[in-house]
2 protein chains.
Amino acid sequence: MQQDKIILAIVDDHPMVIEGLKSLLKPETAIYTTVSFTNGREFISFLSQNEVDLVFLDISLPDANGIELCKEIKKISPKTIVLGLSNQTERSIMLQMLQSGASGYLLKNVSPDELLTCIQEALQGLITFSREAKEIMGRPSKAGLNEVASITKREKQILELLAQGKTTATIATELFLSPLTVDTHRKNLLQKFDVKNTAELLMAAVQQKLL
Amino acid sequence: MQQDKIILAIVDDHPMVIEGLKSLLKPETAIYTTVSFTNGREFISFLSQNEVDLVFLDISLPDANGIELCKEIKKISPKTIVLGLSNQTERSIMLQMLQSGASGYLLKNVSPDELLTCIQEALQGLITFSREAKEIMGRPSKAGLNEVASITKREKQILELLAQGKTTATIATELFLSPLTVDTHRKNLLQKFDVKNTAELLMAAVQQKLL
DNA sequence: TTTTTTATACCTATAGTTAGGTATTTTTAA
DNA sequence: TTAAAAATACCTAACTATAGGTATAAAAAA
């Protein structure tokens, strides 16, 4: 990295976001080189053969889940700094990004000055957030307190079927289980989310993007 | 408009989307003048004293609901063409925009070529969509068939309390109603959304952005 | 290999919801 | 002013969910 430019990557499926970011970074082209990708697969392929100092990673990509992609990036290239860049404002989503190895999170309403400040902080090894993301992270909430309820594979399955309005009997038939087994899974879900009924459970799950 | 440039406005709370759109339109500066705003209020103020041929209107703005803003824009300046520009992919949202006077809808993953084509079509008085938006609009679905279920004020109230996991008895107490009245409203909601239970109802309502 | 977690299944009792209507009053729209 | 819509309330019957547990087997993690 002596005297070389810093390599910034942008991974976002919106051409206008990519153009916008590049435009905002244009005054800094003496310092940064930007490369852009509209899907995760292309970026992973590039990263396998090139060094990237920092990547702006959208959460929702057509071919990948940003959180899983983040893990993959850190596996392939542990030194690459990952900053989440999204419109997603749920604290639980942001936390999942951080848990997956991201060094920060920016909302897409970040101002040009903030953007540059966040890049600098990240390159200095600091965790960094855009202002509004900081506010969200600093805000305790019920959903926050129950953030990212950890549910098992079977529980997820049950949850998805409940979201389709299916009853215990129907779910039991579809999954080849006893209705009593389904009831136990449901009870466990209510306990994990600390809610009293299926209505509340589903709304919490939507809130946490589990559905 | 003889020999004058066409005035395009961009209303979006993301600086990088504004920069991106401007950048994509840069090759066409001989034809278009772009002005941009990060909130609805500023744009409405501008529109009251200036003529705008076409506006790209985000759905979610900090100070306004894009659908309501669309109505206001068409009231102040009926000749101004409104194109929705959002990440919202629900058909019901798109329809609400059209019902509010918009002449089309673009998703933010629109390509540069498509963007220019959509502008031209809109200026010619045609309804226009970006390709993915066209696909969504053309796709019949259960939710689509039940699009924007029209519910009354009281039903909305009941729906919101159901989404908080409240039971008929609790809702009756809070709204000073008979539990039997609440049950009737619930039954009516199930019929309007054509669903069988509250779980399904809530998921449909979330889908249609009623919650 | 052992421990922990997940999955499965069961029990009694109680609470809550949905289905199928009908009927009257109040509010809103025409 | 009249008609239509919304809101309110009621009825019987059946269905579904939740609460409070206990217990064993299988799978996964340590």
Side-chain angles (χ1 to χ4, degrees), chain A residues 68 71 75 96 99-100 142 146-208 210-211, chain B residues 71 99 142 146-208 210-211:
Chain A
E68 295 304 316
K71 291 174 186 172
K75 186 176 295 181
Q96 287 180 67
Q99 282 163 359
S100 301
K142 175 82 182 302
N146 290 336
E147 74 217 1
V148 200
S150 175
I151 64 176
T152 69
K153 194 169 174 180
R154 202 52 139 173
E155 285 167 348
K156 178 99 158 96
Q157 235 182 336
I158 303 286
L159 189 62
E160 285 170 354
L161 293 172
L162 287 174
Q164 293 170 31
K166 295 185 176 175
T167 64
T168 285
T170 304
I171 293 171
T173 299
E174 290 192 15
L175 298 183
F176 304 98
L177 298 174
S178 162
L180 298 170
T181 300
V182 177
D183 277 345
T184 301
H185 285 304
R186 292 183 71 155
K187 186 168 23 178
N188 291 339
L189 281 165
L190 295 182
Q191 279 174 347
K192 283 191 174 182
F193 282 79
D194 191 22
V195 294
K196 287 187 178 330
N197 57 35
T198 298
E200 213 177 346
L201 170 65
L202 292 178
M203 297 310 290
V206 164
Q207 176 73 32
Q208 293 186 25
L210 293 171
L211 288 168
Chain B
K71 292 174 182 172
Q99 283 164 357
K142 174 80 179 302
N146 293 336
E147 72 217 5
V148 200
S150 175
I151 64 176
T152 70
K153 194 171 177 180
R154 203 52 141 171
E155 285 168 347
K156 177 93 157 96
Q157 239 183 331
I158 303 285
L159 190 61
E160 285 169 353
L161 293 172
L162 287 172
Q164 293 169 32
K166 294 184 178 180
T167 64
T168 285
T170 304
I171 295 171
T173 299
E174 291 192 15
L175 299 184
F176 304 99
L177 297 173
S178 162
L180 297 168
T181 300
V182 176
D183 278 344
T184 301
H185 285 304
R186 292 182 73 155
K187 187 168 25 181
N188 291 340
L189 281 165
L190 295 182
Q191 279 174 347
K192 282 190 172 181
F193 283 78
D194 190 23
V195 294
K196 287 187 177 334
N197 56 38
T198 298
E200 214 177 343
L201 170 66
L202 292 177
M203 297 309 291
V206 164
Q207 178 72 32
Q208 295 186 24
L210 293 171
L211 288 171

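Throughout, a chain's letter reflects where its sequence line sits, starting with A, and its residues are numbered from 1.
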Test log, rule side chain to side chain contact (heavy atoms under 4.5 Å, CB included), inputs A:Gln164 and A:Leu161: CA-CA 5 Å; A:Gln164 293 170 31; A:Leu161 293 172; 4.0 Å; yes

Atom of B:Ala163, atom of B:Leu211 and distance for their closest heavy-atom approach: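 In terms of heavy atoms, the two residues are closest at CB-CD1, 3.8 Å.
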
For the student: nearest non-hydrogen atoms of B:Phe193 and B:Ala204, plus distance: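 Closest approach of B:Phe193 to B:Ala204: CD2-CB, 3.8 Å.
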
Members of residues 161-169 of chain B that approach DNA chain C, where some heavy atom sits under 4.0 Å away: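 Those residues are B:Thr167, B:Thr168.
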
Interatomic distance where [atom1] belongs to [X] and [atom2] belongs to [N] [whole Å]:
X	N	atom1	atom2	result
B:Leu189	D:dA6	CG	P	12 Å
A:Ile171	C:dA9	CD1	P	14 Å
A:Leu202	D:dA17	CG	P	11 Å
B:Asn188	D:dA6	CG	P	10 Å
B:Ile158	D:dA7	CD1	C1'	10 Å
B:Ile151	D:dA5	CD1	C1'	16 Å
A:Lys192	C:dA7	NZ	P	8 Å
A:Asp194	D:dA19	CG	C1'	14 Å

Side chain to side chain contact (heavy atoms under 4.5 Å, CB included) between A:Val195 and A:Met203, intermediate numbers included: CA-CA 10 Å; A:Val195 294; A:Met203 297 310 290; over 6 Å; no

Table of protein N/O atoms under 3.5 Å from nucleotides 19-23 of chain C N/O atoms:
from	atom 1	to	atom 2	distance (Å)
C:dG20	N7	B:Lys187	NZ	3.2
C:dG20	O6	B:Lys187	NZ	2.9
C:dG21	N7	B:Lys187	NZ	3.2
C:dG21	O6	B:Lys187	NZ	3.0

Atom pair CD/CD1 of B:Glu174 and B:Ile158 - distance to nearest 0.5 Å: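 Rounded to the nearest 0.5 Å, the CD-CD1 separation comes out at 10.0 Å.
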
Spacing of B:Lys166 atom NZ and A:Asn197 atom CG [to the nearest 0.5 Å]: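 So the NZ of B:Lys166 and the CG of A:Asn197 are separated by 11.5 Å.
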
Any protein N or O atoms within reach of nucleotides 26-30 of chain C? Criterion: under 3.5 Å, listing atom names and distances.
none

Under the rule for side chain to side chain contact (heavy atoms under 4.5 Å, CB included), what residues qualify as partners of [X], not counting sequence neighbours?
X	answer
B:Thr173	none
B:Lys156	B:Ile151, B:Glu160
A:Thr181	A:Leu177, A:Ser178, A:His185
A:Thr198	A:Leu162, A:Arg186, A:Leu202, B:Ala199

Non-neighbouring partners of B:Lys71 that pass salt bridge (Lys or Arg N to Asp or Glu O under 4.0 Å), sequence neighbours left out: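 Residues passing salt bridge (Lys or Arg N to Asp or Glu O under 4.0 Å) with B:Lys71: B:Glu68.
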
Rounded (10°) bend between the five-pair end axes of the helix from C:dT1-D:dA30 to C:dA30-D:dT1: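 The helix from C:dT1-D:dA30 to C:dA30-D:dT1 shows an end-to-end axis angle of 80°.
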
DNA chain D-proximal residues of residues 173-183 of chain B, any heavy atom under 4.0 Å: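 B:Leu177, B:Ser178, B:Leu180, B:Thr181 - these, ordered by number, are the residues of the stretch whose heavy atoms sit under 4.0 Å from the strand.
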
Sequence-aligned protein contact record of nucleotides 24-30 of chain D, with B where the base is within under 4.0 Å of a protein heavy atom and S where only the sugar-phosphate is: -------

Non-neighbouring partners of B:Asp183 that pass side-chain hydrogen bond (donor to acceptor under 3.5 Å, both in side chains), sequence neighbours left out: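 Expected list: B:Thr168.
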
Sole residue of A:Ile171, A:Leu175, A:Thr167 in side chain to side chain contact (heavy atoms under 4.5 Å, CB included) with A:Val182: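 The residue from A:Ile171, A:Leu175, A:Thr167 that satisfies side chain to side chain contact (heavy atoms under 4.5 Å, CB included) with A:Val182 turns out to be A:Ile171.
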
Phosphate OP1/OP2 of C:dT8: any A:His185 side-chain N/O under 4.0 Å: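 Yes.
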
Nearest to side-chain heavy atoms of B:Thr152, which nucleotide of D:dA17, C:dT17, D:dA7: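 In terms of side-chain proximity for B:Thr152, the closest of D:dA17, C:dT17, D:dA7 is D:dA7.
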
